[in-house]
Amino acid sequence: MSVSELTLLVLRLGFLLLLWLFIFGIVYALRSDLFGQRVRKQQPDGTSSAPPIAFAAAVPTPVPAATLPPTASAAALTEQLTARSAAPPAGSGPERATARNATRLVITSGPKSGTEFPLTSDSVTIGRSGDSSLVIRDDYTSTHHARLMLWNEEWMIQDLDSTNGTFLNGSRLAVPTPVPLNTPVKIGATSFELRR
Amino acid sequence: MMPPSNSRGTATDAGHRPQSAKPGRVRRLHLPQKLRNLELFLLLIACGINAAAVVLVQLGALGHIDTTLVLLGAGLSVLVLCMHVVLRLVARDADPFILPIASLLNGIGIAMIYRIDIANGDAGWESAAVRQTVWSALAIACAIAVVLVIRNHRVLFRYTYVAGFIAVVLLLLPLVPGLGREVSGARVWIGIGSFATFQPGEIAKIALAVFFAGYLVRNRDSLSMVGKRFLGMRFPRLRDLGPILVVWALSMSVIIFQRDLGTALLYFGLFLVMLYLATGRLSWVLLGMSLFLGGAIIASQTLGYVNGRFTNWLDALNPDVYGASGGSYQLVQGLFGLAKGGLIGTGLGQGRPDITPVPQSDYIIASLGEELGLAGIFAILALYLLFVARGFRIGFAGNDDFGKLLGVGLSFVVALQCFIVIGGVTRVIPLTGLTTPFLAAGGSSLVANWIIAALLLRLSDTLRNQPRLVV
């Protein structure tokens, strides 16, 4: 079987085209990475937002123990830690949230108010992107908005250059700041607190 | 109870693993694996492009389609599909782009190596393309093993110092008499008898990335917090310079004893980037770069082979340098090939990439540039860009520092290796012998890069499985 010059030319241009189509296919598939997640309108009652996976502590459903979040184990771990070490230093003003005394993040306002999120030793990423630990989907949240992290055993909140800012107790964050216990952190229409 | 429409709606959330349970036992709802289906779709296209590349090579170089080498295309396709099935079972939420991109690069590489084989008249076991396919099989088997064995990347954190020890042993292996092999001046291979040569330094880069990540997570506070301010930057204390000096000495000894400039640059660059990531201080990078540049300049003055590389780079088109033994003949032939390729190339199988020495390994990018043209080279570079960007993305979204550093370190090592070798071929930097990841002929490089791909897949899966709350 012999092929003409013209066929070869067409085939080789077709090959290059196919290669580029593949690349643009990938770029199209990851467009949410490049341009951020689509914004959804939040309903005040929260019925249309994504379902609580297993964190819906506020919803009294007969969820079996096997699917419960690791709150219980995290709490047990924290108890062990507290038992082993001395009591946290009693500073002036509100007590800072440390790895020892803070066990959960509680949403205090917004559509999912009352929901809890267990704190482990990992940092918590907050934003609209699907791979954040705490996904907040409203008009005011940036794709990668803020980060809660443990720094020298203390919980710090860092704003990741978000458009609308992160507010700790009413003031906008400029630098990573330690988070006191039971103090509201506001992102968009949602605020949360770190609690024992 | 949750209304069923709700769990349906979450299928739009990438990386969400919905679970439901009946009282008493846990049952996973069988929901469509959106990410894996996307991966399968891209993978099938990639396999199609790989097959098309082999067919085009045969049409261009032989003028007919030869069925005996269908195995080249089909073998790789079967293997990557096996890997896809494994991911479906054990890493459902892994990144869907890494596997298709790696498969496509590997397949294009095999097609190009096959094309050089045709030009050289190699067939059967002599054929580098057949050997490359066998190595790919081995590499993908290793990748599958990594995904199966390492169920959580944090296991690696426990073996930080073991990884460091393994890296040093692997680096020293080629210097062992009787085991080390010297190929074209560089003593970086090991071999038993006359066959099965292997470059342990390629595996060492993974071990080094694990070691650096673990070490820096443990010790970064002292590296980033203290020091004197000078010229607007905070410089580290003298006693904190220990690690950087050790790694610098290691890379310099690679330059001196193994005579391999590229590998040294790769290791040192990896360390600098991870140090910068861990501490966020530019002074480390400036310090490290001046150390390395100083070392490289001294080496170029004192070591003959480094000096030759610099001359070939700066004065490549001088007829004396071109004609000299160990001169710039190869470099200039590669450039001529790239120039001949032009914008859309001569077409697969229709150029003369075999004129350049070692067109299937170090110079595969020049061979591809000749036959696929600028459009093809840019497509390949875009594939690398996407691969590395996925790795950075994994590092960026990661929640634990070790995973972050490891993800970025592993993908950066691929990026840096591309830069060193493609920059060398295109005369941006002095040419040093490194393999183009996934493309070039060479078993150790394939194995190492597929293991990197597997680790990135594992990292991205663990990342998406972290506790999440959607508001």
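In what follows, chains are A, B, ... by sequence order, proteins preceding strands, each numbered from 1. For clarity, every value in this text was computed on a predicted model and none was experimentally measured. As a basis for the values below, the full set of heavy atoms in this structure was taken, side chains included, without hydrogen atoms, waters or symmetry mates.
Residues of residues 99-107 of chain B lying under 4.5 angstrom from chain A, judged on non-hydrogen atoms, are Pro100(B), Ile101(B), Leu104(B) by number.
Of the atoms belonging to Glu371(B), not a single heavy atom falls under 4.5 Å from chain A. Within the 4.5 angstrom heavy-atom criterion, atoms from both the backbone and the side chain of Phe378(B) approach chain A. The part of Ile108(B) that comes within reach of chain A is its side chain, from C-beta onward, which places non-hydrogen atoms under 4.5 angstrom from that chain. Interface remark: Ile344(B) contributes backbone and side-chain atoms alike to the contact with chain A (heavy atom separation under 4.5 Å). Using a 4.5 Å cut-off between heavy atoms, Ile49(B) contacts chain A through both its backbone and its side chain. Only the side chain of Leu13(A) comes within less than 4.5 Å of a heavy atom of chain B; its backbone N, CA, C and O stay farther away. Neither the backbone nor the side chain of Ala389(B) comes within less than 4.5 Å of any heavy atom in chain A.
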query = What do the steps show when you test Leu11(A) against Val55(B) for side-chain contact (heavy atoms from CB on, under 4.5 Å), and what is the final call?
reply = CA-CA 10 Å; Leu11(A) 283 178; Val55(B) 168; over 6 Å; no
Practice item. In sequence, state the C-alpha distance, the side-chain angles, and the governing distance for Thr346(B) and Arg12(A), and then conclude on side-chain contact (heavy atoms from CB on, under 4.5 Å). Key: CA-CA 9 Å; Thr346(B) 58; Arg12(A) 101 184 189 224; 5.8 Å; no
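Within 6.0 Å of the CZ atom in Phe167(A), the count of heavy atoms belonging to other residues, nucleotides or ligands exceeds 12. Atom CZ of Phe392(B) is surrounded by more than 12 heavy atoms from other residues, nucleotides or ligands within 6.0 Å.
Per-residue counts of heavy-atom pairs under 4.5 Å with chain A were compared for Gly345(B), Gly48(B), Gly60(B); the largest is that of Gly345(B). Ranked by non-hydrogen atom pairs under 4.5 Å with chain A, the options Leu38(B), Leu372(B), Leu348(B) are led by Leu372(B). Taking Leu383(B), Leu62(B), Ile380(B) one by one and counting their heavy-atom pairs under 4.5 Å with chain A, the maximum is reached by Leu383(B). Top candidate by heavy-atom pairs under 4.5 Å with chain B, chosen from Ile23(A), Ile126(A), Thr141(A), is Ile23(A). Contact count versus chain A (heavy atoms, under 4.5 Å) is highest, among Ala53(B), Gly349(B), Gly376(B), Pro96(B), for Ala53(B).
When all heavy atoms are compared, the tightest approach of Ala29(A) to Phe97(B) is CB-CE2, 3.6 Å. For the residue pair Phe22(A) and Ile45(B), the shortest heavy atom distance occurs at CD1-CG2, 3.7 Å.
Residues that satisfy the salt bridge (charged side-chain N to carboxylate O under 4.0 Å, His left out) test with Arg218(B), not counting sequence neighbours, are absent from this structure.
Checking side-chain atoms of Trp20(A) against main-chain N and O of Ala375(B) turns up a donor-acceptor pair under 3.5 Å.
Between atom CG of residue Leu30(A) and atom CZ of residue Arg393(B) there is a gap of 9.0 Å, rounded to the nearest 0.5 Å. In this structure, the separation between CD1 on Ile26(A) and CZ on Phe387(B) is 11.5 Å, given to the nearest 0.5 Å. Taking CG of Leu56(B) as the reference point, atom CG of Leu8(A) lies at 7.5 Å (rounded to 0.5 Å).
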